[in-house]
Amino acid sequence: MTKVPVRPEMEGFKPYSPGLSIDEIKKRYGLSRVIKMASNENPLGTSPVVQARLASAAPLAFRYAQAGSPALSEALGAHLGVPASCVVAGNGSDEIIDLLLRVVARPGIDNVVAFRPCFSIYDVQSRLCGLEFRQADLNADFSFPFDALVSLTDENTALVFVTNPDNPSGYACRADELVALAAKLPPRALLVVDEAYVDFAEPLDEFTMLPHFGKIPNLVILRTFSKMYGLAGLRLGYGVMPEWLADLLLRVKLPFSVNILAEQAGLAALQDDIFLSETLRVVREGRELLTRELTAMGCTVRPSQANFLMFDPPMDARALFEGLLQRGVIIRPLASYGMPGKLRVSIGNEDENREFLVKTAEVLRDNHRHS
């Protein structure tokens, strides 16, 4: 069969690597139990309220969802205190990122600006859309050099992405810094603040941009149900944006990209305050525990406002990662972020956190014994 010609730049794209699965590691090392602390998922799993809603909604799986997810947009608007007409739900916030790029930016003319490292979807989707992707290196302490970011913008900058709190460092800047950034951008550039992890920042009101929505004409806020709400497998996210922009996205968005069960799960998740407060408690207590214990083991742990920690171990990072895999613990190596000496661990539940610490100590001891 003749190979169909494709755009030559496609040769430079690599598939997204989501990390290793539990089943994969069980099979590789012959383990009966494996814990995954690599993908920043909710340490409590899925809310019982959501599970009950999914069970009751399962008979509706043969139906198409309502295009545009109006019921969810209404619920999110009420929950966030913004007009429902400014909310666009998507198949994860990834879909909203892709739509923003397609709707706002002109292929072959415009550029997109972000920090380095950043969420790979910003880069991949920008280049797929025929846009120049520009990056400013983070400061040595992983804080945001906003002047460097602004210096990369010009009259053809369509979007500027900032993830706050940032991944994989967990660093977060206060909202007033982002308000100041928005005022320095070229007139047609959108400031897209990705708040996937903002629910874990404290105090929340000092970090989220939601109180400033409506006052900043070029602001878009991205949120997800994958982290705090425990719905990563259902792929549900949303953007809060000016009404004119939301209208444009809804005109071209695939009509049923948010499936009927994901929408029902989102509606139920917004109502389960107990699950959310318990998630916050577990993450905050786990964050303190892991920071304290890893530091005592000789690791350098970065302060985090997210549901994960980035750290430098006192041994080869890849060797520690592999040693943990052999013991049934999956965390995230950061070589793909350009940081081969660092690791990231998601905050787990109490048992997972303790098991991770015990097995990390084992690997460190074995390394010391053989060095």
Side-chain angles (χ1 to χ4, degrees), residues 47 49-50 53-54 56-57 60 63-104 159 161-162 164 175 178-179 182 190-199 201 204-205 207-232 234-273 275-277:
S47 150
V49 172
V50 169
R53 178 71 67 88
L54 287 171
S56 65
L60 297 175
R63 295 282 188 201
Y64 287 108
Q66 192 170 357
S69 311
L72 183 58
S73 293
E74 287 285 346
L76 283 167
H79 179 73
L80 301 170
V82 301
S85 57
C86 294
V87 180
V88 180
N91 189 262
S93 54
D94 297 12
E95 184 186 16
I96 307 302
I97 294 166
D98 184 48
L99 287 170
L100 288 169
L101 291 163
R102 292 173 186 270
V103 166
V104 173
L159 301 101
F161 285 100
V162 178
N164 195 48
L178 292 167
V179 172
L190 291 176
L191 173 59
V192 183
V193 182
D194 191 337
E195 294 192 344
Y197 298 100
V198 80
D199 292 306
L204 176 61
D205 287 346
F207 290 95
T208 178
M209 289 294 282
L210 269 177
H212 304 280
F213 181 74
K215 305 170 191 173
I216 301 174
N218 60 335
L219 175 65
V220 175
I221 302 168
L222 300 178
R223 292 283 188 93
T224 181
F225 280 86
S226 294
K227 315 301 179 186
M228 173 68 85
Y229 293 92
L231 301 182
L234 285 175
R235 310 308 305 127
L236 186 60
Y238 60 94
V240 179
M241 63 195 73
E243 188 173 6
W244 64 267
L245 183 57
D247 174 62
L248 290 177
L249 263 65
L250 289 171
R251 292 186 201 182
V252 298
K253 178 179 176 290
L254 295 174
F256 310 119
S257 63
V258 175
N259 70 70
I260 200 165
L261 295 182
E263 182 173 21
Q264 287 298 314
L267 290 168
L270 291 174
Q271 300 169 358
D272 193 352
D273 293 337
F275 181 79
L276 298 182
S277 62

F225 vs L76, side chain to side chain contact (heavy atoms under 4.5 Å, CB included): CA-CA, chis, key distance, verdict: CA-CA 11 Å; F225 280 86; L76 283 167; 3.9 Å; yes
[X] [atom1] to [Y] [atom2] distance, which is reported to the nearest 0.5 Å:
| X | Y | atom1 | atom2 | value |
| --- | --- | --- | --- | --- |
| S93 | D98 | OG | CG | 11.5 Å |
| R63 | I260 | CZ | CD1 | 8.5 Å |
| L261 | L231 | CG | CG | 11.5 Å |

Considering non-hydrogen atoms only, spot the tightest contact between [X] and [Y] and give its length.
| X | Y | answer |
| --- | --- | --- |
| P242 | V220 | CD-CG2, 4.4 Å |
| K253 | A89 | CE-O, 2.7 Å |
| V179 | I216 | CG2-CD1, 3.9 Å |
| G90 | E95 | CA-OE1, 3.2 Å |
| A262 | L234 | CB-O, 3.7 Å |
| L178 | N164 | CD1-ND2, 3.8 Å |

Would you say the side chain of [Y] lies within less than 4.5 Å of the side chain of [X], judging by non-hydrogen atoms?
| X | Y | answer |
| --- | --- | --- |
| L190 | L245 | yes |
| F213 | C86 | yes |
| R53 | L267 | yes |
| D247 | R251 | yes |
| D94 | R235 | yes |
| M241 | I96 | yes |

Side chain of [X], backbone of [Y]: donor and acceptor closer than 3.5 Å?
| X | Y | value |
| --- | --- | --- |
| E263 | L72 | yes |
| S277 | D273 | yes |
| K227 | R223 | no |
| E195 | I221 | no |

Worked check of side chain to side chain contact (heavy atoms under 4.5 Å, CB included) between I97 and F161: CA-CA 10 Å; I97 294 166; F161 285 100; 3.9 Å; yes
